4 protein chains.
Amino acid sequence: MADRREEIIQAGIEIFAAKGYYNTHIAEIVESVGIAKGTFYLYFNSKNDLFISLIRRFEDIFLELFEIDILVAETEDLKSFFSKLLKKIFSLYKEHKNLSIIILREAVAVNEKFREEFKEMDARRFKRINNLYQFLLDNDYLNQEIDYDYFVCVFVGIMESIVMRRLLLSEQEFNVEEAADKASLYLENAIKK
Amino acid sequence: MADRREEIIQAGIEIFAAKGYYNTHIAEIVESVGIAKGTFYLYFNSKNDLFISLIRRFEDIFLELFEIDILVAETEDLKSFFSKLLKKIFSLYKEHKNLSIIILREAVAVNEKFREEFKEMDARRFKRINNLYQFLLDNDYLNQEIDYDYFVCVFVGIMESIVMRRLLLSEQEFNVEEAADKASLYLENAIKK
Amino acid sequence: MADRREEIIQAGIEIFAAKGYYNTHIAEIVESVGIAKGTFYLYFNSKNDLFISLIRRFEDIFLELFEIDILVAETEDLKSFFSKLLKKIFSLYKEHKNLSIIILREAVAVNEKFREEFKEMDARRFKRINNLYQFLLDNDYLNQEIDYDYFVCVFVGIMESIVMRRLLLSEQEFNVEEAADKASLYLENAIKK
Amino acid sequence: MADRREEIIQAGIEIFAAKGYYNTHIAEIVESVGIAKGTFYLYFNSKNDLFISLIRRFEDIFLELFEIDILVAETEDLKSFFSKLLKKIFSLYKEHKNLSIIILREAVAVNEKFREEFKEMDARRFKRINNLYQFLLDNDYLNQEIDYDYFVCVFVGIMESIVMRRLLLSEQEFNVEEAADKASLYLENAIKK
DNA sequence: AATGAATGAGATTTCATTCAT
DNA sequence: GATGAATGAAATCTCATTCAT
């Protein structure tokens, strides 16, 4: 029986990703886990509450991504830096595909409450990307005309567009290596001096 | 009384954008228009039907965007080309902010049916961006390492990320000129020879 | 344009028979006639009113059936009497198949109001069959053990059962001659001295 | 609290019989049972579903009717055979008067789907009456001019006509003994050699 | 006479949540 | 902790009828 809460979260990830928030019913989740409806409410206050937990779960998992210290240490040039970073990012999205679907497709749409949650998470993410920006600045890799806010927008935009269209909406196997390679080429060109 | 159908569409755009598909109820739409519930169903078969109409409306409006012939004619260099194109794009998104919210935030999330509708539209959009790509190729602006699929991903990703974060999720006034300028700089650098 | 009222009645007969009272909508009737909804209400007070008119129409058409004087005049024996009578009856049902469907299938079911209308009609019909009964009695054809009420029940029951199962529910062509022949055999045997 | 499903079925039988399918609303059924609307849908998928269940219930109850083995064993002559059989039939209709109303009055009328359900049931019933026919044939009771299809039509027609007019549409107490006696007289005469 | 856009009461059905066991 | 029958507010959609033109 392990951890009931975790079982529910896993079922939630799978079903929310497959059907979307409003087309997922508590009945399905509890059936999938093999528990009674009442039991669900011992572990979560509401359907809403479970969904928020999934957003948090996403953040927990993707938190480590921008701990770039290790990357930095072993970086020789800008292209290989981006390539390594994107490989990590894409791999994580691929590994947690369902959770990614929930975040990229559902989280902003569902309702105002989740939107706020999402915006806060996005802000925290942006802060972390700041580390990356600082690193690039400090190492004199950055074209001085670049400004921070737009750099993050561009970086996240390219990354999410690839994840969305190559991984989530596509029926073909997502090739992490190739995607990282192609994208890093754009990024390097876009911002190098 | 003008055009009832159009009145309903306008109300739909506003309310779907504000509350999302599932939190928008026919009752609110008809109240907003000032008609009876039954009247709504004279013009649309269902809530679903109205939503689909909004997706189509978006496509109609944004169709012209990638008719780049005029742009092409008056283009001097790659940066000013992108800048002009993005100014047109961003202006249109800003002008149709609510419709944009519906497309970028709701359309993929609501349900499988809309997702299909959205994917088809996305495919048509990508085809049109092909014109842009061909133009760049023909004019020898493109780095030969660039491949088409990723170029479109990057282009759309940057564009949508800026629209999403600067226009839709931000509370501040969206500066079209600035956004087009910054983004075109990245794009030029990213793909020029 | 002939007679609007009659056009509506004809459309009503066809559509009520095909779809039943509650699955027939005024919209369909007026569309079939080629008039506007409002026009319908110039000729009938309500959907109900039209349906009542159809019940009356049935009665008008079937009224002549039990004017047996002519039959009586030319009758030689009981079997040929029944056979001739049933031939007339079955032919009329066949000719007015849709109206018959409405009476036999819908009229009792629809609602309390129609039920009353139907019961009254049934009573009038029974009275007319009385003529038949008197004729048989007067001619000393009837077994004395037979009583009137049950004779009518039996007569109408056999007749309607054949109409219902052979004409209305069956997909095969209804053979009036055969049906009249078979049924008259039973009837003759059942009541002859 | 006994059996919720059964309580709903009993309420359904009563109310459908009194008001007909389209004038019976879920609200009335649940109020009559004393449950909430949602509870109804725990036991039946729809109003339709409940109605189908009632048709099936009718068939279950009336299934035994044509198990004529016992009757056959104790039969001396044709008249007393019919009389006993009809007594059983009429008693059952009387006992389940409301269910009988639903079948004889509503089932064919409501809609195409029920009509199919009804036709299938009618076919099964006819098959069972075949046993009766065979018995009569085997015992050399039947006039050889009689053919099967019309015999069933006549038998069912007489029976249903009596049930309809004497039990369902009449306000007077239905006398089973008398009805069986009268009808069996007709039947015997109609088919005996 | 004829129209048809508009009405709105009311029907069926859904589903997150509760709570007595 | 676990259950699952029961809830009931609320949503979508229907359609006979009206009435200003």
Side-chain angles (χ1 to χ4, degrees), chain A residues 1 4-5 8 21-31 33-51, chain B residues 1 3-5 7-8 21-31 33-51, chain C residues 1 4-5 8 21-31 33-51, chain D residues 1 3-5 7-8 21-31 33-51:
Chain A
M1 195 199 351
R4 269 290 144 84
R5 198 168 193 280
I8 296 171
Y21 183 80
Y22 287 103
N23 292 308
T24 294
H25 309 304
I26 296 299
E28 294 174 85
I29 292 175
V30 299
E31 192 193 11
V33 176
I35 56 175
K37 266 188 197 147
T39 309
F40 174 88
Y41 289 89
L42 296 177
Y43 296 94
F44 296 92
N45 295 323
S46 63
K47 181 179 171 181
N48 227 293
D49 184 24
L50 169 60
F51 196 80
Chain B
M1 188 196 11
D3 185 356
R4 266 295 137 83
R5 195 166 196 281
E7 285 183 294
I8 296 171
Y21 183 80
Y22 289 103
N23 292 307
T24 294
H25 308 302
I26 299 301
E28 295 174 82
I29 291 175
V30 300
E31 193 192 9
V33 177
I35 55 176
K37 264 182 205 150
T39 308
F40 174 88
Y41 289 91
L42 294 178
Y43 296 94
F44 297 91
N45 294 323
S46 62
K47 182 179 165 180
N48 224 292
D49 186 25
L50 170 60
F51 196 80
Chain C
M1 194 199 356
R4 269 290 145 85
R5 196 167 194 282
I8 295 171
Y21 183 80
Y22 288 103
N23 292 308
T24 294
H25 308 304
I26 297 299
E28 294 175 84
I29 292 175
V30 299
E31 192 193 11
V33 176
I35 57 176
K37 267 188 198 147
T39 309
F40 175 89
Y41 288 91
L42 295 176
Y43 296 95
F44 296 91
N45 295 324
S46 63
K47 180 180 171 181
N48 228 292
D49 185 25
L50 170 60
F51 196 81
Chain D
M1 190 196 7
D3 185 356
R4 267 293 138 84
R5 197 168 194 279
E7 285 183 294
I8 295 171
Y21 184 80
Y22 288 103
N23 291 308
T24 294
H25 308 302
I26 299 300
E28 293 174 85
I29 292 175
V30 299
E31 193 191 10
V33 177
I35 55 176
K37 266 183 201 147
T39 308
F40 174 88
Y41 289 91
L42 293 179
Y43 296 94
F44 297 91
N45 295 323
S46 62
K47 181 178 165 180
N48 223 292
D49 186 25
L50 171 59
F51 197 80

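Just so it is clear, the model here is predicted, and its values are computed rather than measured. Within every chain, numbering begins at 1; the chains are lettered A, B, ... in the order of the sequence lines, protein sequences first and strands thereafter.
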When both distances are under 3.5 Å in a Watson-Crick or G-U wobble arrangement, the nucleotide paired with E:dA1 is none
Write down the atom of C:Phe44, the atom of C:Arg5, and the distance for their closest heavy-atom approach. CE2-NH2, 3.4 Å
A:Leu42 CG - E:dT17 P separation (whole Å): 14 Å
A:Ile26 has an atom CD1; how far is it from atom P of E:dA16, in whole Å? 6 Å
Identified pairing partner of E:dA11, criterion: Watson-Crick or G-U wobble below 3.5 Å: F:dT12
Under 4.0 Å between a side-chain N/O of B:Tyr41 and OP1 or OP2 of F:dT14, yes or no? no
D:Tyr22 side chain near C:Asn23 side chain, heavy-atom distance below 4.5 Å: yes
Any side-chain N or O of D:Lys47 less than 4.0 Å from the OP1 or OP2 oxygen of E:dT12? yes
Could you pull out the closest heavy-atom pair between A:Ile35 and A:Ile8, with the gap in Å? CD1-CD1, 3.9 Å
Judged by nearest nucleotide, the residue sitting upstream toward the 5' end of DNA chain F, C:Phe40 or B:Asn45, is B:Asn45
Hey, is the side chain of A:Thr39 poking within less than 4.0 Å of OP1 or OP2 on F:dT3, counting only N and O atoms? yes
Can you check the B:Tyr22 OH to E:dT14 P distance for me, whole Å? 14 Å
Rounded to the nearest Å, what distance is computed from the CG atom of residue B:Asp49 to the P atom of nucleotide F:dT12? 14 Å
Roughly how many Å is it from CD in B:Glu7 to P in E:dA6, rounded to a whole number? 9 Å
Grab the CD1-C1' distance between A:Ile35 and F:dG4 for me, whole Å please. 12 Å
Take C:Gly38 and C:Asn23, find for each the nucleotide of DNA chain F with the closest heavy atom, and name the residue whose nucleotide sits nearer the 5' end. C:Asn23
Just wondering, do D:Asn48 and D:Tyr21 contact through their side chains at under 4.5 Å, heavy atoms? yes
Whole-Å distance between E:dA6 C1' and B:Arg5 CZ? 17 Å
Going by heavy atoms in the side chains, are D:Thr24 and D:Ile29 under 4.5 Å from each other? yes
Phosphate oxygens OP1/OP2 of F:dA5: is one of them under 4.0 Å from a side-chain N or O of D:Arg4? no
Give a yes/no answer on whether the side chain of D:Tyr43 brings an N or O atom under 4.0 Å of OP1 or OP2 in F:dA5. no
Below 4.0 Å: OP1/OP2 of E:dG10 and any side-chain N or O of D:His25: no
Nearest-Å distance, CD1 (B:Ile29) to P (F:dA11)? 12 Å
